[in-house]
Amino acid sequence: MVSLLLRETREDVLACARRMVRDGLVVGTSGNVSARVGGLVAVTPSGVDYETLTVDDVCVVDLDGTVVDGVLRPTSELPLHLVCYRRHGAGAVVHTHSTAAVAVSLLCDEVPLVHYQTAMFGGGVAVAPYAPFGSPELAENVSAALAARTAAVMRHHGTVCLAPTLGKAYDGARQLEWMCDVWLRARAVGSPSLLTTGQVDEVVGRMAGYGQPAPAPTPPATR
Ligand SMILES: [Zn+2]
């Protein structure tokens, strides 16, 4: 039977998961994606190839992790996703195993400040200490690394990016991977120059007012 619960959100989650494969942010069945609607979360299932995944395979759980719709088991990283919703106010979460970010996680405690774009996450992105995948300990480590940020790198593992929408969380995952790649390329041939925390904080403030301005209020009609 075809379920209609969160159908549109499930379609978005599926499309995002497939895009992660195409963009090289995950390999095989690794990584996972979720999006929240009210008290429910649509999340990719555990261990299913994204190319054969259907909309009905995307699970729907409540914020305690109880499956309310779907026949497959949700991703083993469900505790990580749920902590992002319960504690960090996420609307969507993208978790990747992207190459450059994992490489940086082996070398640094924070993603080096190579580019002002890190301001989109609220500042420098921390590397969370290693813990086994799917464990409550990993969720806690990532939650601590997130602090006032919207992204974290997980040592020996990958990245997690959260945002109000799936599109923004996915953009964050790509930007974070790109910054890690820039640092690795520069580091391979020299000692990279880095931005200061103050320079990044200045951009964080500017980004708060970035984007399209709100439409001007309609002037009162004149006669
Ligand atoms: Zn993972």
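If you're wondering where the values come from, they're calculated on a predicted model, not measured in any experiment.
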Review point. Does the side-chain contact (heavy atoms from CB on, under 4.5 Å) test come out yes or no for V111 and W183, once each step is laid out?
Key: CA-CA 9 Å; V111 177; W183 183 75; over 6 Å; no
Show the atom names and distances, to 0.1 Å, of all donor-acceptor pairs under 3.5 Å that link a side chain in residues 167-174 to residues at least two apart or in another chain.
from : atom 1 : to  : atom 2 : distance (Å)
Y170 : OH     : R19 : O      : 3.1
Y170 : OH     : D23 : OD2    : 2.5

Side-chain touch [X]/[Y], heavy atoms, less than 4.5 angstrom:
X	Y	answer
P79	L82	no
L40	L6	yes
V153	V104	no
V83	V142	no
M154	L138	yes
V102	H156	no
L5	R10	yes
T66	V61	no

So which atom in [X] and which in [Y] form the shortest heavy-atom distance, rounded to 0.1 Å?
X	Y	result
P74	S46	O-CB, 3.4 Å
C108	P112	SG-CG, 3.9 Å
A131	N141	CB-ND2, 3.7 Å
A42	T9	CB-CG2, 4.0 Å

For [Y], is there any backbone N or O sitting under 3.5 Å from a side-chain donor or acceptor partner on [X]?
X	Y	result
Y50	S30	yes
N32	H95	no
T44	V33	yes
H115	Q117	yes
E177	A100	yes
R149	G122	yes
E77	G134	yes

Are [X] and [Y] in one and the same hydrophobic cluster, where Ile, Leu, Val, Met, Phe, Trp and Tyr link if side-chain heavy atoms are under 4.5 Å apart?
X	Y	value
L195	L107	yes
V55	V41	no
V114	V189	no
V58	V43	no
L53	V60	no

In Å and rounded to the nearest 0.5 Å, what is the [atom1] to [atom2] distance from [X] to [Y]?
X	Y	atom1	atom2	answer
F133	H157	CZ	NE2	8.5 Å
D64	R86	CG	CZ	6.5 Å
L194	T118	CG	OG1	11.0 Å
L162	L146	CG	CG	5.5 Å
M207	Y116	CE	OH	6.5 Å
E137	S135	CD	OG	5.5 Å

Is there a donor in the side chain of [X] and an acceptor in the side chain of [Y], or the other way round, less than 3.5 Å apart?
X	Y	value
T54	D57	yes
T96	T159	yes
Y85	S34	yes

Check your understanding: Is it the case that more than 12 heavy atoms not belonging to E8 sit under 6.0 Å from its CD atom?
Key ->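 12 or below, so no.
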Check your understanding: Is the count of non-hydrogen atoms from other residues, nucleotides or ligands lying under 6.0 Å from R73 atom CZ greater than 12?
Key ->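 At most 12 heavy atoms, drawn from other residues, nucleotides or ligands, come within 6.0 Å of this atom.
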Practice item. Please identify each residue that fulfils salt bridge (Lys or Arg N to Asp or Glu O under 4.0 Å) with R87, with sequence neighbours left out. Key: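 Here the qualifying residues are E140.
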Check your understanding: side-chain contact (heavy atoms from CB on, under 4.5 Å) between R185 and D181: does it pass, once the steps are laid out?
Key -> CA-CA 6 Å; R185 286 169 190 245; D181 189 44; 2.9 Å; yes
Practice item. Begin from the C-alpha positions of D12 and R7 and carry the test salt bridge (charged side-chain N to carboxylate O under 4.0 Å, His left out) through to its verdict. Key: CA-CA 9 Å; D12 292 344; R7 186 151 196 93; over 6 Å; no
Point to revise | D109/R155 ion pair, N-O < 4.0 Å | key: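 So D109 pairs with R155 through a salt bridge.
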Practice item. Please determine if R18 and D49 form a salt bridge, counting it only when a charged side-chain N lies under 4.0 Å from a carboxylate O. Key: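 The answer is no: the pair does not qualify as a salt bridge.
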Exercise for review: Test side-chain contact (heavy atoms from CB on, under 4.5 Å) on V94 and C16 and set out the steps.
Suggested key: CA-CA 9 Å; V94 171; C16 185; 4.1 Å; yes
Exercise for review: Tell me, with the steps shown, if V125 and L176 meet side-chain contact (heavy atoms from CB on, under 4.5 Å).
Suggested key: CA-CA 9 Å; V125 174; L176 181 56; 4.1 Å; yes
